[in-house]
Amino acid sequence: MEPAALVVWRRCASHWRSCSSRVIRLSSAAACVSVSQRASMSLCSRAVTLPSGAPLRGLLCTAAVTSHPSRRLCASTGSKLCWSCQSVVSSSQLFCPSCRSIQPPNESQDFFQLLDCERSFNIDVQDLQRKYRNLQRLLHPDYFSQKSKHERDISERQSSLVNKAYNTLLSPLQRGIYLLSLHGITIAEGTEVGADAPFLFEILEINENLNDLSTEVEIEAIGTFLQDKCQALTENVRKAFEKG
């Protein structure tokens, strides 16, 4: 039976071999992305104002308001009608400001917008985690157990989307690939096309070293090497995005 630590590092090395070539191609692709295309898209001002007092911006039409001051307004681009009370709601708002009903996910909103992060490869992971927890405190299905089935379904969809966005942005590799996809650049999954000969030889050497490991010290050494290599590759990607 192999030592537990060796099994762990074998898995780590296997994962590294499968994704390293994608990271290298990610660095190359990132260099093609213009800095001007990555302007900050902070959601600090994403709320809109309703006539009752909440922010409302960008309405293209202002139909007459009759019995209820916040209802029967024409929904413009960037806004929609609440499924519950028909008030105008910004497409980025999670809850209706009038009746407080949870709103369906905005499928056109990217993951950076959803988690209120700058659209950039460089993100504050602790800030990302904090925003993720705050959103889940609002959207998690456990908090809607006493609501209608429709609201529970919306909650599950919203919570699932937040989870997907968080896991994508938390991983440097997935974050970079997703950021490139927003600019129309796609990196194929599970391929090593474009890897140069020295890189492939390095992978083969690591694989051979893994087969020859016999002591805990050797296992720790190869593990440290793999971690350092992943950090170096991530740093290359970061610099490529900064260069634009």
Would you call the rings of Trp83 and His150 parallel, tilted or perpendicular, taking 30° and 60° as the class edges? perpendicular
If you look at every heavy atom in Ala165 and Leu114, which pair is closest and at what distance? CB-CD2, 3.8 Å
Does any non-hydrogen side-chain atom of Cys96 lie less than 4.5 Å from one of Ser84? no
Given the options Val89, Leu135, Ile102, Leu94 meets side chain to side chain contact (heavy atoms under 4.5 Å, CB included) only with Leu135
Work out which heavy atom in Lys80 is nearest to a heavy atom in Ser90; give both atom names and the distance. CE-O, 4.2 Å
Do side-chain atoms of Lys131 reach the backbone of Cys117 as a donor and acceptor pair under 3.5 angstrom? no
Contact between Val217 and Glu220 at the side-chain level, heavy atoms closer than 4.5 Å - yes or no? no
In the structure I gave you, are the side-chain heavy atoms of Lys147 and Ser155 within less than 4.5 Å of one another anywhere? no
Side chain to side chain contact (heavy atoms under 4.5 Å, CB included) with Tyr166: of Leu170, Leu169, Thr168, only one passes, and it is Leu170
Checking side-chain contact (heavy atoms from CB on, under 4.5 Å) for the pair Ser108/Ser91: CA distance, chi angles, key distance, verdict? CA-CA 9 Å; Ser108 65; Ser91 58; 5.7 Å; no
Report yes if the side chains of Phe111 and Leu182 come closer than 4.5 Å at any heavy-atom pair, otherwise no. no
Interatomic spacing from CD in Gln174 to NZ in Lys164 - rounded to 0.5 Å: 11.0 Å
Would you name the heavy atoms of Arg137 and Asn134 that are closest together and state the gap between them? NH1-OD1, 2.7 Å
Quick one: closest heavy-atom pair of Arg157 and Glu107, and the distance? NH2-OE2, 4.2 Å
So do Thr186 and Leu180 actually touch side chain to side chain, heavy atoms under 4.5 Å? no
Closest non-hydrogen atoms of Ser159 and Gln136, given as atom of the first, atom of the second and distance, are OG-OE1, 2.9 Å
Gap between atom OG1 of Thr234 and atom CZ of Arg238 - 0.5 Å precision: 10.5 Å
Pairwise distance CZ(Phe241) to CG(Asn122) - rounded to 0.5 angstrom: 9.5 Å
Side chain to side chain, Tyr132 and Val162, heavy atoms closer than 4.5 Å: yes
First locate atom CG of Leu128, then atom CZ of Arg133, and finally report the distance between them rounded to the nearest 0.5 Å. 9.5 Å
Side-chain contact test, heavy atoms from C-beta onward, threshold under 4.5 Å: evaluate it for Gln109 versus Ser92 and give yes or no. yes
Say whether, by atom type as modelled, one donor and one acceptor occur between the side chain of Gln158 and the main chain of Gln103 under 3.5 angstrom. yes
Asp153/Lys149 salt bridge by N-O under 4.0 Å criterion: yes
Does Arg175 qualify as a cation-pi partner of Phe121, given the criterion of NZ or CZ under 6.0 Å from the six-membered ring centre and within 45 degrees of its axis? yes
Taking the side chain as everything from C-beta on, heavy atoms only, tell me whether Ile154 gets closer than 4.5 Å to Phe144. no
Value rounded to 0.5 Å, distance of CD in Glu118 from CD in Gln113: 12.5 Å
Would a distance-only check, ignoring hydrogens and angles, find a side-chain to backbone donor-acceptor pair under 3.5 Å from His183 to Ile185? no
